[in-house]
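Every chain is numbered from 1 and lettered A, B, ... according to where its sequence line falls, protein lines coming before strand lines. Side chains are part of it too, since the values below use all heavy atoms of this structure and drop only hydrogens, waters and symmetry mates.
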There are 2 protein chains.
Amino acid sequence: MPRTADHDARRRQIAEGVRTIVSEAGLDAATVARVARASGMSVGLVQHYFPSKDALLLFAYRHVMDRIGTRVAQRVAEGEAARGTIAASLRAALREMLPLDHERRSEYRVAQAFAGRSLDSAELAEVGAQTSRRLRDQIAVAVGNGKECGEVEPEVDTGLAAARVLAVTEGLAVQLHREPHGRAGTHPLAEAADAVLLPTLESVFTGTCRQYSR
Amino acid sequence: MPRTADHDARRRQIAEGVRTIVSEAGLDAATVARVARASGMSVGLVQHYFPSKDALLLFAYRHVMDRIGTRVAQRVAEGEAARGTIAASLRAALREMLPLDHERRSEYRVAQAFAGRSLDSAELAEVGAQTSRRLRDQIAVAVGNGKECGEVEPEVDTGLAAARVLAVTEGLAVQLHREPHGRAGTHPLAEAADAVLLPTLESVFTGTCRQYSR
DNA sequence: GAGATAACCGTATGGACATACGGTTATGGC
DNA sequence: GCCATAACCGTATGTCCATACGGTTATCTC
C-alpha cells in the first residue's frame with residue numbers, strides 16, 4: 001500500500017480556504033489556483049480531491065452551512081442543560097445566525113454569496129433550502145416544547161410561529177450586515193439585535209414554564 | 001447635428017435585458033454579448049452606452065431596485081387615497097416585496113444575485129444599503145402616521161418597529177422563494193404570507209384610527 | 001444635398017481560468 | 001530494500017469573455 005492521507009480532513013482544509021477567500025473577496029475571487037494557495041497546497045492536489053470546481057464549491061457551501069446548523073443545535077443543547085427558559089435558549093441559538101462578530105460575519109457573507117449563485121445551480125439551491133428547513137424545524141421543536149412546558153399557548157400554530165421567528169432572524173441578519181455600525185440611536189449591535197428579536201420571541205413565548213424540567 | 005437617440009431609454013432597455021438574463025440564469029450568465037442579444041442590439045452598441053461592464057451592472061441593479069422602491073411607494077399612496085387603515089396599506093406595500101408572482105419573483109432573484117456579488121463591490125453594496133434604508137424609512141413614516149392617527153401606541157419606538165417589520169418581510173421573502181410550492185398545511189402562497197406578516201403588523205398597529213382622514 | 005457627427009456594427013485581441021496530463025515523490029506492505 | 005500505488009506537482013491547452021478598434025450608416029443642420 002502506498003502512502004495515505006486523510007481525505008475528509010484535506011477536503012475540509014480546502015473548504016476553509018474557499019471560506020476565507022469568499023468572505024474576503026467574494027465568490028468570483030475563488031479561483032482554483034487561489035483556493036489552492038489559500039489552503040497551502042498545489043492546484044493539482046485540489047484537483048486530486050475534487051473532480052470539478054462545481055463539486056468543490058458545493059462541498060464548501062455544505063461545510064459552512066453545516067457549521068452554522070451545528071452551532072445552533074449546540075446552543076439549544078446548552079440552553080437545555082442550563083435549565084433556563086426555552087425562550088432564552090432559543091434566543092441564544094438564533095443569535096448564532098446573526099453577523100455580530102468577525103466569525104459569524106464571515107460565515108454570513110459566504111452564505112450570502114452562495115445564495116446569490118444558487119440561481120444557476122439547483123444543487124446549490126438545495127443546500128440552502130435544506131439548511132433553512134433544518135433551522136425552521138429546530139425552532140418548531142422549541143415552540144412545541146414550549147407548549148408542553150407552558151411557555152407557549154396551546155392554540156399557537158407551531159409551524160407558523162417557527163416561520164415567523166426564522167423570518168425575523170434572517171431579515172435582521174440582512175440589516176445588521178448592511179449597517180455594521182449600528183443605527184443612529186442604538187449603540188452596540190448586540191442591543192439592536194435584541195431590540196428586534198425579543199419582541200417577536202415574546203409574542204410567541206407568552207407564558208412561564210410550569211415545571212422545573214421537561 | 002447627426003442623428004439622435006434617447007440615451008436613457010436605451011440604457012433602460014439594456015437594463016431590462018440584464019434583468020431577464022439574471023433572473024433566468026444568474027449573474028454569471030450575463031455576459032456582454034448575451035445582454036446585447038437579449039436587448040436586441042449589438043455588442044458595440046452596448047459599449048456605446050456603458051463605459052464598462054461594471055457600470056452596466058451597477059446601472060441595472062439600480063434600475064431594478066428603483067422599480068421595487070417605486071412600487072412600494074405607489075402602494076402606500078394608493079392606500080392613503082383609499083382611506084383605509086394605515087396597517088392595511090402598509091400590508092399591501094410590503095407584499096410588493098414578496099416573490100408571490102412571476103414578476104416579483106423575477107425581481108427578487110435579481111436582487112438576490114446582486115446582493116451576493118455585493119461582497120466584491122462597494123458600489124453594488126451601496127445600492128442595496130440605500131434601497132434598504134429607503135424602505136425602512138417609508139415604513140417608519142407609516143408607523144409615525146399610525147401614532148398620530150391612533151393605530152399605534154405613542155410609546156412604541158418608531159425606528160425599531162420599522163426595522164422589525166422590514167426584517168420579517170425580508171425574511172419571509174427568503175422563505176417564500178426557497179419554497180414556492182407553499183408549506184405542508186398552508187395552501188396558497190398568499191395566505192401563508194399573510195399568516196406570517198399580519199401577526200407582526202398587528203403587534204405594532206394595535207389601535208384603530210380616531211379620525212376619518214389624516 | 002452635403003457633410004459632420006453620433007448611432008451602430010463585427011471582429012480582433014489579450015487575459016484569465018478550469019481542466020487535462022505527464023511526471024515525481026513518498027510510504028505502506030512484503 | 002523494493003515495488004506498487006496513492007499523494008502530490010507544474011505546465012500545457014483550449015475556452016470564454018471584456019474590451020479595443022476600425023469601419024459603416026443614418027439623420028440633423030445649414
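Every residue meeting the side-chain contact (heavy atoms from CB on, under 4.5 Å) condition with A:E202, not counting sequence neighbours, appears here in chain and number order: A:L198. Among residues two or more places apart in sequence or in another chain, the ring pair (Phe, Tyr, Trp, His ring centres under 6.0 Å) test is passed with A:H177 by A:Y108. Remark: B:A15 engages B:F59, B:A60, B:H63 in a side-chain contact (heavy atoms from CB on, under 4.5 Å) (not counting sequence neighbours). Annotation: side-chain contact (heavy atoms from CB on, under 4.5 Å) contacts of A:A9 (sequence neighbours excluded): A:D6, A:R12. Residues satisfying the side-chain hydrogen bond (donor to acceptor under 3.5 Å, both in side chains) criterion with B:S106, sequence neighbours excluded, are B:R19, B:S23. Residues satisfying the side-chain contact (heavy atoms from CB on, under 4.5 Å) criterion with A:V32, sequence neighbours excluded, are A:V43, A:V46, A:K53.
Contact check for A:T85 versus A:F205: no side-chain heavy atoms found under the 4.5 Å cut-off.
The CG atom of A:D28 lies 12.0 Å from the CD1 atom of A:I21; values are rounded to the nearest 0.5 Å.
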Base versus backbone protein contacts along nucleotides 22-30 of chain C [heavy-atom cut-off under 4.0 Å; B, S, -]: ---BBBBS-
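Sequence order on DNA chain D of the closest nucleotides to A:A5 and A:V43 puts A:A5 first from the 5' end.
A heavy-atom distance below 4.0 Å to DNA chain D is reached by these residues of residues 45-61 of chain B, ordered by number: B:Q47, B:S52, B:K53. A heavy atom lying under 4.0 Å from DNA chain D marks the following residues of residues 6-21 of chain A, by number: A:H7, A:R10. Heavy-atom distances under 4.0 Å link DNA chain D to B:T31, B:V32, B:R34 of residues 31-39 of chain B, given in residue order.
Within 6.0 Å of CD on A:E126 lie more than 12 heavy atoms contributed by other residues, nucleotides or ligands.
In this model, no donor atom of one side chain and acceptor atom of the other lie less than 3.5 Å apart for B:R133 and B:Q130.
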I'd like a table of donor-acceptor pairs (distance under 3.5 Å, sequence neighbours excluded) in which one partner is a side-chain atom from residues 163-174 of chain A, with atom names and distances.
from: A:R164; atom 1: NH1; to: A:S203; atom 2: OG; distance (Å): 3.3
from: A:T169; atom 1: OG1; to: A:V165; atom 2: O; distance (Å): 2.7
from: A:E170; atom 1: OE2; to: B:R178; atom 2: NH2; distance (Å): 2.8

Sequence neighbours excluded and cut-off under 3.5 Å, please list the side-chain donor-acceptor pairs for residues 92-99 of chain A, or say none.
from: A:R95; atom 1: NH1; to: A:D194; atom 2: OD1; distance (Å): 3.1
from: A:R95; atom 1: NH1; to: A:D194; atom 2: OD2; distance (Å): 3.3
from: A:E96; atom 1: OE1; to: A:R71; atom 2: NE; distance (Å): 2.6
from: A:E96; atom 1: OE1; to: A:R104; atom 2: NH1; distance (Å): 2.8
from: A:E96; atom 1: OE2; to: A:R75; atom 2: NE; distance (Å): 2.8
from: A:E96; atom 1: OE2; to: A:R75; atom 2: NH2; distance (Å): 3.1
from: A:E96; atom 1: OE2; to: A:R104; atom 2: NH1; distance (Å): 3.2

